[in-house]
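Everything below concerns the one structure shown next.
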Amino acid sequence: NLVNFRNKYHYIFEPFHPIRNQYLADIPIRFKERLYIPSETKNKKYEDYFRSVLSGHFHRTPWTNRYNRVFITNRRIVKSIRGHLFIQWLLECFPQIKIIYILRHPLGTILSQINNERWNNELIDTFLEQKEFADSYLINYQDMLLELRDNGSQFEKLIVCWCIENATALKQLEGKD
């Protein structure tokens, strides 16, 4: 919100949310919570959908438009809370875009998640079920994650998920301007 304090940009909120954006179901892409897209992936369906969002030519919903205050502009800000695992792919496919990565304090993030009853408490499974992601980023931690999934508190699970998401994003952004 600070970046757009003068309302010069069309603010697109969470266009990749698999539940809130019902139009994702209409396109043949299986978006899930915390989708991992390896940087070398060549997938026209992904590219077309992301291109439509980045260009502003996608089906807007009350959810994606909820913070927008500008209706005539050629500039966009796309806020994605769930995009940690596809940043590198996004930069490979769309090298012209600028990414502002905001690292929120883990306790503020977790408090928000705990207070949000709709929050998916099965993120560990989501990470582990994406084999390419698990093999690339979690190979040394899979046993610990399974133990945490089965026996950890909600707080412990959420803090580890915060670590996984942000460590992945920072790794993918390493060496980028």
Side-chain angles (χ1 to χ4, degrees), residues 1-21 24 31-39 49-50 53-54 56 58 60-70 75-95 97-130 133-134 136-138 140-141 144-145 148-149 152-177:
N1 296 343
L2 185 61
V3 175
N4 196 26
F5 76 98
R6 291 190 177 143
N7 290 319
K8 290 185 175 185
Y9 300 89
H10 180 101
Y11 191 123
I12 302 169
F13 180 72
E14 281 283 42
F16 315 116
H17 191 295
I19 297 166
R20 296 285 191 157
N21 188 353
L24 286 175
F31 269 85
K32 60 171 81 182
E33 282 285 323
R34 308 317 198 259
L35 176 68
Y36 174 63
I37 307 175
S39 62
Y49 182 70
F50 278 82
V53 169
L54 295 172
F58 75 108
R60 295 185 186 107
T61 67
W63 174 259
T64 61
N65 245 13
R66 67 191 292 185
Y67 300 116
N68 184 48
R69 303 291 176 260
V70 175
R75 298 171 163 184
R76 279 158 299 290
I77 292 178
V78 178
K79 181 175 180 177
S80 177
I81 298 168
R82 293 161 176 78
H84 299 81
L85 308 186
F86 56 72
I87 290 175
Q88 191 172 17
W89 175 84
L90 194 62
L91 288 170
E92 293 287 328
C93 288
F94 305 98
I97 67 168
K98 305 283 186 227
I99 291 181
I100 299 172
Y101 186 76
I102 298 175
L103 185 65
R104 186 175 177 199
H105 192 282
L107 296 180
T109 301
I110 291 164
L111 180 61
S112 173
Q113 292 169 343
I114 288 171
N115 289 333
N116 182 349
E117 293 177 14
R118 302 178 122 225
W119 193 259
N120 180 352
N121 199 23
E122 299 170 358
L123 285 177
I124 292 174
D125 285 336
T126 300
F127 294 138
L128 293 173
E129 288 168 358
Q130 298 184 78
F133 177 70
S136 297
Y137 291 92
L138 306 176
N140 296 321
Y141 307 101
M144 182 271 301
L145 290 170
L148 180 66
R149 180 198 65 195
S153 70
Q154 181 183 25
F155 178 81
E156 291 169 327
K157 292 174 188 176
L158 290 172
I159 199 77
V160 166
C161 290
W162 181 94
C163 292
I164 290 169
E165 290 176 328
N166 287 288
T168 301
L170 293 171
K171 178 90 172 146
Q172 291 182 0
L173 288 168
E174 207 169 70
K176 308 270 193 278
D177 288 340

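Treat the numbers as computed from the prediction; the structure is a model and nothing was measured.
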Practice task
Kindly indicate, with the supporting measurements, whether the criterion side-chain contact (heavy atoms from CB on, under 4.5 Å) is fulfilled by Thr64 and Glu14.
Solution key: CA-CA 6 Å; Thr64 61; Glu14 281 283 42; 5.9 Å; no
Exercise for the section: Step by step, work out the side-chain contact (heavy atoms from CB on, under 4.5 Å) result for Gln130 and Leu35. Expected result: CA-CA 8 Å; Gln130 298 184 78; Leu35 176 68; 4.1 Å; yes
Handout entry: Worked check of side-chain contact (heavy atoms from CB on, under 4.5 Å) between His105 and Thr109
Key = CA-CA 6 Å; His105 192 282; Thr109 301; 5.9 Å; no
Exercise for the section: Check the pair Asn68, Ile12 against side-chain contact (heavy atoms from CB on, under 4.5 Å), reporting the backbone distance first and the verdict last. Expected result: CA-CA 7 Å; Asn68 184 48; Ile12 302 169; over 6 Å; no
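Partners of Arg76 according to the salt bridge (Lys or Arg N to Asp or Glu O under 4.0 Å) rule, which considers only residues two or more places apart in sequence or in another chain, do not exist here. In this view, Phe133 and Tyr36, Phe127, Tyr137 satisfy the ring-ring contact (aromatic ring centres under 6.0 Å, His included) rule, not counting sequence neighbours. By the side-chain hydrogen bond (donor to acceptor under 3.5 Å, both in side chains) test, Asn7 is found to be paired with no residue, residues two or more places apart in sequence or in another chain being considered. Applying the side-chain hydrogen bond (donor to acceptor under 3.5 Å, both in side chains) test to Gln88 and every residue at least two apart in sequence or in another chain returns nothing. In terms of the side-chain hydrogen bond (donor to acceptor under 3.5 Å, both in side chains) criterion, residue partners of Tyr101 (sequence neighbours excluded) are, by chain and number, Asn166. Every residue meeting the side-chain contact (heavy atoms from CB on, under 4.5 Å) condition with Ile102, not counting sequence neighbours, appears here in chain and number order: Ile100. Taking the ring-ring contact (aromatic ring centres under 6.0 Å, His included) definition, one finds that Trp162 meets it with nothing, sequence neighbours left out. Every residue meeting the side-chain hydrogen bond (donor to acceptor under 3.5 Å, both in side chains) condition with Glu156, not counting sequence neighbours, appears here in chain and number order: Ser153. Not counting sequence neighbours, the partners of Phe94 by the side-chain contact (heavy atoms from CB on, under 4.5 Å) test are Phe50, Arg51, Leu54, Trp89, Leu90, Gln96, Ile97. Residues satisfying the ring-ring contact (aromatic ring centres under 6.0 Å, His included) criterion with Phe13, sequence neighbours excluded, are Trp63, Tyr67.
Not one N or O on the side chain of Ser112 forms a donor-acceptor pair closer than 3.5 Å with the backbone of Gly108. For Asn115 (side chain) and Leu111 (main-chain N/O), a donor-acceptor pair under 3.5 Å exists by modelled atom type.
With rounding to the nearest 0.5 Å, the separation of CD1 in Ile77 from CG in Asn4 is 4.0 Å. Summarising the geometry, atom NZ belonging to Lys176 is positioned 13.5 Å from atom NZ belonging to Lys98; distances are rounded to the nearest 0.5 Å. Expressed to the nearest 0.5 Å, how far NE2 of His17 lies from OG1 of Thr61 amounts to 10.5 Å. Atom CG in Leu123 sits 7.5 Å away from atom CD in Gln113 (nearest 0.5 Å). Note that the CG atom of Leu138 and the CG atom of Leu145 stand 6.0 Å from one another [nearest 0.5 Å].
Arg69 and His10 share no donor-acceptor pair across their side chains, judged by distance under 3.5 Å alone.
Closest non-hydrogen pair, Phe58 versus Val53, comes out as CD2-CA, 3.8 Å. His84 and Ile81 make their closest contact through CE1-O, 3.1 Å (heavy atoms, listed as atom of the first residue, atom of the second, distance). The minimum heavy-atom distance between Lys8 and Val70, with the atom names listed, is N-CG2, 4.3 Å. In this structure, Ile124 and Lys157 approach most closely via the heavy-atom pair CD1-CG, 4.0 Å.
You'll find the side chain of Ile87 stays beyond 4.5 Å of the side chain of Thr168, heavy atoms only. Put simply, the side chain of Leu85 does not reach to within 4.5 Å of the side chain of Ile37, judged on heavy atoms. Side-chain contact between Leu107 and Phe155 is present, with heavy atoms from C-beta onward closer than 4.5 Å.
Each of Pro38, Ser80, Ser39 was scored for a side chain to side chain contact (heavy atoms under 4.5 Å, CB included) with Phe86, with one residue passing: Ser80.
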